[in-house]
Amino acid sequence: MVELDKHGALLILRYLPPYEDRDERAYLDALIEIGRRDSTFALLAVFAGGGGLSQAGEREQALWFKATRERFEHHCRALAIVRPDANPRMIETFQRLWSMPLTATCDEQAARRFITQHMETA
């Protein structure tokens, strides 16, 4: 199941079970929608750790990162990624892509606190 919810300046992207055949396309379409955003926002991305992308999906995601890098960096005030396997190395990887405040954690409440803190200072 993939959902992109909008709560004012907060975007919440969820990629969770039960997984369906159309989830990969829905996830990639959600990225496209996020990449088109022309106002400031914070992104909370919640992943269950399954539902991996196909090779073609990985490529499309990588191309999205490249194509939207400047726009995403300009508009996104904070990024919090929730995954069961979150670790400091994940943060380092994403910090190579973007300079906005970001975190990776297995705790959604901690991610929400992080996002709230950075939305208040934006």
Side-chain angles (χ1 to χ4, degrees):
M1 169 192 76
V2 175
E3 294 177 343
L4 178 60
D5 297 319
K6 300 169 195 134
H7 303 276
L10 174 61
L11 304 181
I12 303 172
L13 174 61
R14 294 184 183 280
Y15 194 163
L16 304 169
Y19 297 116
E20 301 173 5
D21 291 340
R22 64 180 184 258
D23 284 349
E24 179 173 285
R25 181 74 261 152
Y27 168 73
L28 295 168
D29 288 346
L31 289 183
I32 290 167
E33 187 174 342
I34 292 166
R36 290 182 179 151
R37 183 101 174 175
D38 61 358
S39 58
T40 60
F41 65 92
L43 177 60
L44 173 63
V46 183
F47 303 101
L53 300 177
S54 67
Q55 186 174 4
E58 289 284 349
R59 178 169 164 66
E60 189 172 338
Q61 177 182 252
L63 290 171
W64 177 86
F65 285 140
K66 185 176 180 179
T68 64
R69 184 175 183 181
E70 284 183 36
R71 184 179 188 89
F72 189 80
E73 174 123 9
H74 179 73
H75 292 295
C76 186
R77 296 297 178 243
L79 169 62
I81 301 167
V82 179
R83 293 180 57 122
D85 60 346
N87 60 62
R89 189 151 190 222
M90 214 176 264
I91 296 170
E92 292 170 11
T93 298
F94 285 106
Q95 284 177 328
R96 287 187 206 116
L97 291 170
W98 304 298
S99 63
M100 83 276 296
L102 59 91
T103 193
T105 178
C106 58
D107 180 354
E108 185 171 342
Q109 291 307 314
R112 286 179 175 274
R113 286 189 299 274
F114 177 86
I115 289 289
T116 299
Q117 172 189 2
H118 290 286
M119 286 179 72
E120 290 171 356
T121 61

Could you go through residues 59-66 and list every donor-acceptor pair under 3.5 Å that involves a side-chain atom there, pairing it with any protein atom two or more places apart or in another chain?
unit_1 : atom_1 : unit_2 : atom_2 : d
E60    : OE1    : R25    : NH1    : 3.1
E60    : OE2    : R25    : NH1    : 3.4
E60    : OE2    : R25    : NH2    : 2.6
Q61    : OE1    : Y27    : OH     : 2.5
W64    : NE1    : L31    : O      : 2.7

Look up atom [atom1] in [X] and atom [atom2] in [Y], then write down how far apart they are to the nearest 0.5 Å.
X	Y	atom1	atom2	value
M100	E73	CE	CD	5.0 Å
L10	T116	CG	OG1	7.5 Å
E70	H75	CD	NE2	11.0 Å
C76	L11	SG	CG	8.0 Å
I32	L4	CD1	CG	12.0 Å
H118	T103	NE2	OG1	8.0 Å

Under 3.5 Å, sequence neighbours excluded: what are the donor-acceptor pairs made by side chains of residues 80-97?
unit_1 : atom_1 : unit_2 : atom_2 : d
R83    : NE     : D85    : OD1    : 2.8
R83    : NH2    : D85    : OD1    : 3.4
R83    : NH2    : D85    : OD2    : 3.3
N87    : OD1    : R89    : N      : 2.9
N87    : OD1    : M90    : N      : 3.0
N87    : ND2    : D85    : O      : 3.1
T93    : OG1    : R89    : O      : 3.1

- Item | Test side chain to side chain donor-acceptor pair (under 3.5 Å) applied to E3 - qualifying residues, sequence neighbours left out |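 Side chain to side chain donor-acceptor pair (under 3.5 Å) check on E3 returns nothing, list empty.
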
Where do [X] and [Y] come nearest, in terms of heavy atoms and distance?
X	Y	result
F47	A45	CE1-CB, 3.5 Å
T105	A111	CG2-CB, 3.8 Å
Y19	A48	OH-CB, 3.3 Å

- Item | E108: partners by salt bridge (Lys or Arg N to Asp or Glu O under 4.0 Å), with sequence neighbours left out |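 R14, R112.
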
- Query: Would you say F72 and L43 make side-chain contact, with heavy atoms under 4.5 Å?
  - Reply: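 Heavy-atom side-chain distance check passes, below 4.5 Å.
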
- Message: What I'd like to find out is whether the side chain of R113 reaches to under 4.5 Å of the side chain of D107, using heavy atoms alone.
- Response: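 Yes; the side chains approach each other to less than 4.5 Å.
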
- If you look only at pairs with a residue in residues 33-48, which of them pass as a salt bridge (Lys or Arg N to Asp or Glu O under 4.0 Å), with sequence neighbours excluded?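 Counting only pairs at least two positions apart or across chains, the salt bridge (Lys or Arg N to Asp or Glu O under 4.0 Å) contacts touching residues 33-48 are K6-E33.
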
- Query: With sequence neighbours left out, what residues match A26 under side chain to side chain contact (heavy atoms under 4.5 Å, CB included)?
  - Reply: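 V2.
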
- Message: Using a 3.5 Å distance criterion without hydrogens, assess whether the side chain of T68 forms a donor-acceptor pair with backbone atoms of R71.
- Response: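 Checking the backbone N and O of R71 against the side chain of T68, no donor-acceptor pair under 3.5 Å is found.
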
